[in-house]
Structures are given as structure tokens and as C-alpha cells.
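Residue numbers begin at 1 in each chain, while the letters A, B, ... track the order of the sequences.
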Protein chains: 2
Amino acid sequence: MQTRESLQQQFETRCRALGLAVTHQRTVIYGELIATGEHPTPEAVYERVKAQIPAISLGTVYKNVKTFLDAGLLKEVSLHHGTLRLDANTEPHHHMVCTRCRRIFDIPETEFGPVHLKNLPESGFQIDRFSIEVVGVCGACAAARPESSGPGASAADNKRVL
Amino acid sequence: MQTRESLQQQFETRCRALGLAVTHQRTVIYGELIATGEHPTPEAVYERVKAQIPAISLGTVYKNVKTFLDAGLLKEVSLHHGTLRLDANTEPHHHMVCTRCRRIFDIPETEFGPVHLKNLPESGFQIDRFSIEVVGVCGACAAARPESSGPGASAADNKRVL
DNA sequence: TATTAAACGATAATTATTATCGTTCGTCAA
DNA sequence: TTGACGAACGATAATAATTATCGTTTAATA
Ligand SMILES: [Mn+2]
Ligand SMILES: [Mn+2]
Ligand SMILES: [Zn+2]
Ligand SMILES: [Zn+2]
């Protein structure tokens with residue numbers, strides 16, 4: 001596992017490698033993100049960064065967060081943020097999610113062997129349930145575009161096949 | 001597992017039990033939701049319902065979807081929809097999510113035994129990774145309000161403790 | 001069948017996010 | 001070191017998803 005220190009040190013190098021200018025704003029935004037062990041919203045990042053750069057714009061935070069996500073410097077916690085996805089199946093079950101078309105398929109609970117945690121990092125956490133997502137590319141999408149080949153074909157191509 | 005038929009039959013009974021009027025709009029909205037094995041957005045539900053009730057309003061779909069979610073007739077696929085949550089930890093790992101304050105805690109991959117799927121329901125799905133979420137109530141929230149007691153304390157109380 | 005509160009449709013408002021555009025700044029070659 | 005230039009910035013407008021408001025309609029029940 002990378003330490004926060006080494007990540008911050010590597011930041012400049014990584015930007016250079018990606019052809020990204022190393023601006024003060026970017027340095028502070030990224031610094032705040034690795035400094036916190038939390039999973040903040042762009043708005044929350046903005047609040048923290050504003051303490052160090054009062055003139056920064058929320059738009060700049062959004063732009064750079066997107067840049068960092070594209071570059072792989074950051075990850076987003078949920079694949080399906082942005083719009084509500086409904087499930088009429090109220091029985092406990094799991095999901096398979098296609099990163100290309102965003103379709104979601106059910107997996108019955110019985111298809112998984114029992115999940116067991118060695119020990120909870122957060123003490124006092126009351127577990128309600130486990131939710132497993134199998135993340136990947138569905139058959140239809142894989143057939144349409146094998147591998148990650150094909151020029152100009154990015155991750156967020158398929159507009160609404162929901 | 002409940003069949004779609006029995007669910008649809010029970011709809012009226014369930015509404016009565018919940019004190020909800022059995023309207024044409026509600027019946028069709030719920031019918032479409034259980035008829036599809038998909039996990040549609042409210043917009044997609046609206047499109048399908050409009051074929052049967054051309055005069056229906058998108059607002060009505062949203063209102064009833066919310067009503068159904070509150071009543072437990074529907075579930076939402078993702079706990080963290082609505083706003084982007086960022087993660088500076090790009091190593092593979094899992095999460096613990098508090099349903100009260102929406103905070104997210106890391107769980108190292110090593111804390112879980114190997115997850116194995118018996119067989120994929122969708123053929124041709126290329127698995128990229130497994131993502132496990134431990135859903136429950138964090139220590140702080142549990143201490144603040146044990147059980148689901150306390151009047152007027154609903155699931156979406158804590159406004160932004162992100 | 002009349003009463004009435006709940007639900008509806010239309011539409012305004014809000015929130016999260018993205019786009020536009022003129023100005024500023026980091027990069028790099030001279 | 002400096003100057004040119006394109007990338008990035010801040011301000012702000014625009015868009016998308018969702019929620020709120022409000023006058024009208026309708027389901028429930030007596
Ligand atoms: Mn499902
Ligand atoms: Mn994490
Ligand atoms: Zn797909
Ligand atoms: Zn909590």
C-alpha cells in the first residue's frame with residue numbers, strides 16, 4: 001500500500017507523465033484528498049481547499065476531480081451515482097454491473113459462498129447486510145467492442161441503454 | 001422468492017395496509033417496475049408508464065417512487081446515489097457504509113476471505129473486480145440513537161456529516 | 001351519492017454538475 | 001531569464017436530476 005507521503009511526493013511526477021500542469025490548485029486539491037481518510041463529495045473538497053486558497057472556484061474543483069478520475073489518480077466509490085436506480089426485487093440479492101452500458105443484473109444470494117469478515121476496522125459498526133457487486137463488462141458490450149480497443153471509445157460512451 | 005404475479009396481486013392489499021390510495025397511476029408504475037427485470041431510472045419508468053397513461057406527470061412518478069421506497073415496496077440499488085463520493089485510495093479495497101450519516105469507511109481487501117461465485121447468471125460477462133459493501137450503522141450513529149427508536153427520526157436525518 | 005383528504009398534473013424551484021469564455025499562469029524553447 | 005502559447009483558472013451561464021408548490025381531480029368511506 002502506498003503511504004500518503006509517497007503519493008503526495010509522486011504527484012508532480014505523475015502530472016508530468018500525464019502532461020498535466022502542476023498548478024497550486026491541483027496540488028492542494030489532491031493533497032486534501034489524500035490527507036483525509038474519508039470519501040468526500042466535491043463540495044466537501046471545495047470547502048477544505050477554500051481554507052487554503054480562498055479564491056478557488058467550485059468549478060475548478062469539479063474540473064480537476066474529473067481530470068484526476070480520468071487519470072486514475074482518484075476513484076469514485078459508486079458506479080451508479082448520478083441517477084437513482086430502482087429495484088422491485090426486495091429480497092436480499094446481489095448485482096452485476098456493466099461499466100459500459102451501466103446495466104445491472106441480479107445475482108441470487110445463493111450464488112455466493114458465505115462472505116466472512118475477519119474483523120471490522122470500525123468498532124461499534126452494526127452490520128445490516130453485505131452487498132456484493134460484480135463489476136465488469138456485460139456480454140452485449142463485450143461483443144460490441146472487444147477489449148478496450150477502438151479509437152475514441154471511452155468508458156462513458158453508451159448514452160442511456162437503461 | 002415472490003413471483004411477479006403474486007407481488008402484483010398483493011399490491012392493493014399492501015397499499016391498503018400502508019394507508020395508501022390505490023390509484024391507477026400507482027398501479028401502473030408498480031406494475032411496470034415488477035414487470036421488468038431491469039433496474040430502471042425514474043425517467044425510464046416514466047417513459048414506460050406514459051405508454052399506458054399518456055397524461056401522467058414525471059413528478060407523479062418521482063413522488064410514487066419515493067413513496068414506494070419509504071414503504072419498502074422498492075429498493076434503491078445504490079446507497080450513494082445523488083452525489084459523487086471520491087476515493088484517493090486507488091488500491092483495491094472494500095467499504096463499510098453507514099445508512100444514517102452516509103459516511104464510508106475502508107476495509108482492506110485482506111479482511112475478506114476469497115469471494116467465489118458458483119456461476120454467472122449472465123453469460124459472457126467479463127468480471128473486472130468484486131466490490132463488497134458492508135451496510136449498516138456506524139458506531140457514532142448507533143450511540144447517538146440506539147435501535148430505530150425515537151419519534152420523527154427517519155433514515156435520512158443527518159444532513160451532511162460528510 | 002356527498003364529503004374530504006389524498007393524490008394528481010403543471011410548473012416553479014433547488015441541487016449537482018457541466019459548459020463557456022475572457023483572463024492568468026505554468027511550461028518550455030530561445 | 002524571458003516571452004510565447006496553450007492549458008488552467010475564476011466567474012458565471014446552462015443543463016440535468018430531483019423536489020416543492022398549488023389549484024384541480026379522484027379514491028375512500030360513510
Ligand atoms: Mn436487483
Ligand atoms: Mn475507500
Ligand atoms: Zn454492457
Ligand atoms: Zn453513521
_Remaining members of the apolar cluster that contains A/Leu120, side-chain heavy atoms under 4.5 Å_ = A/Met96, A/Phe105, A/Ile107, A/Phe112, A/Val115, A/Leu117, A/Phe125, A/Ile127, A/Phe130, A/Ile132, A/Val134, B/Met96, B/Phe105, B/Ile107, B/Phe112, B/Val115, B/Leu117, B/Leu120, B/Phe125, B/Ile127, B/Phe130, B/Ile132, B/Val134
*In whole angstrom, give the distance that lies between atom OH of B/Tyr30 and atom P of C/dA7.*
17 Å
_A/Glu43: side-chain hydrogen bond (donor to acceptor under 3.5 Å, both in side chains) partners, not counting sequence neighbours_ = none
*When you check the phosphate oxygens OP1 and OP2 of C/dT17, does a side-chain N or O of B/Thr83 lie under 4.0 Å from one of them?*
yes
*Using a 4.5 Å cut-off on heavy atoms from C-beta on, say whether the side chain of B/His39 contacts that of A/Leu86.*
no
*Sequence neighbours excluded, which residues qualify as ring-ring contact (aromatic ring centres under 6.0 Å, His included) partners of A/His81?*
none
*Start at the 5' end of DNA chain C and walk down; is the nucleotide closest to A/Gly82 or to B/Ile53 reached first?*
B/Ile53
*For A/Arg100 and A/Cys141, indicate whether the former's side chain and the latter's backbone hold a donor-acceptor pair under 3.5 Å.*
yes
*Could you tell me the separation between the OH atom of B/Tyr46 and the C1' atom of D/dT18, rounded to a whole number of Å?*
14 Å
*Taking only residues at least two apart or on different chains, which pairs with a member in residues 62-72 of chain B satisfy side chain to side chain donor-acceptor pair (under 3.5 Å)?*
B/Arg26-B/Asn64
*With sequence neighbours excluded, residues passing ring-ring contact (aromatic ring centres under 6.0 Å, His included) with A/His80*: none
*Could you give the NZ-to-P distance, from A/Lys50 to D/dC9, as a whole number of Å?*
17 Å
*Can you list every side chain to side chain donor-acceptor pair (under 3.5 Å) pair that touches residues 47-60 of chain B, not counting sequence neighbours?*
B/Glu32-B/Arg48, B/Glu32-B/Gln52
*Apply side-chain hydrogen bond (donor to acceptor under 3.5 Å, both in side chains) to B/Arg16 and list each qualifying residue two or more places apart in sequence or on a separate chain.*
B/Glu12
_So if I take residues 60-76 of chain A and measure heavy-atom distances to DNA chain D, which residues fall below 4.0 Å?_
A/Thr60, A/Lys63, A/Asn64
*Report yes if a side-chain nitrogen or oxygen of A/His81 is closer than 4.0 Å to either non-bridging phosphate oxygen (OP1 or OP2) of C/dT17; otherwise report no.*
yes
*Starting at atom CZ of A/Arg26, determine the distance to atom P of C/dC25, rounded to an integer number of angstrom.*
15 Å
*Sequence-distant partners of A/Ala140, side chain to side chain contact (heavy atoms under 4.5 Å, CB included), two or more places apart*: A/Arg103, A/Cys138
*Rounded distance in Å - NE2 (A/His80) to P (D/dT18)*: 14 Å
*Please round to 10 degrees the angle between the axis of the first five pairs and the axis of the last five pairs in the helix from C/dT1-D/dA30 to C/dA30-D/dT1.*
40°
*asked:* Run the ring-ring contact (aromatic ring centres under 6.0 Å, His included) test against A/Phe68 and tell me which residues pass, sequence neighbours left out.
replied: A/Phe11, A/Tyr30
Restricting to nitrogen or oxygen on both sides, can you table the protein-nucleotides 27-30 of chain D pairs closer than 3.5 Å?
residue : atom : partner : partner atom : Å
D/dA28  : OP1  : B/Arg16 : NH2          : 3.0
D/dA28  : OP1  : B/Val22 : N            : 3.1

*For B/Gly19 and for A/Pro42, find the nucleotide of DNA chain C with the closest heavy atom, then tell me which residue's nucleotide is more 5'.*
B/Gly19
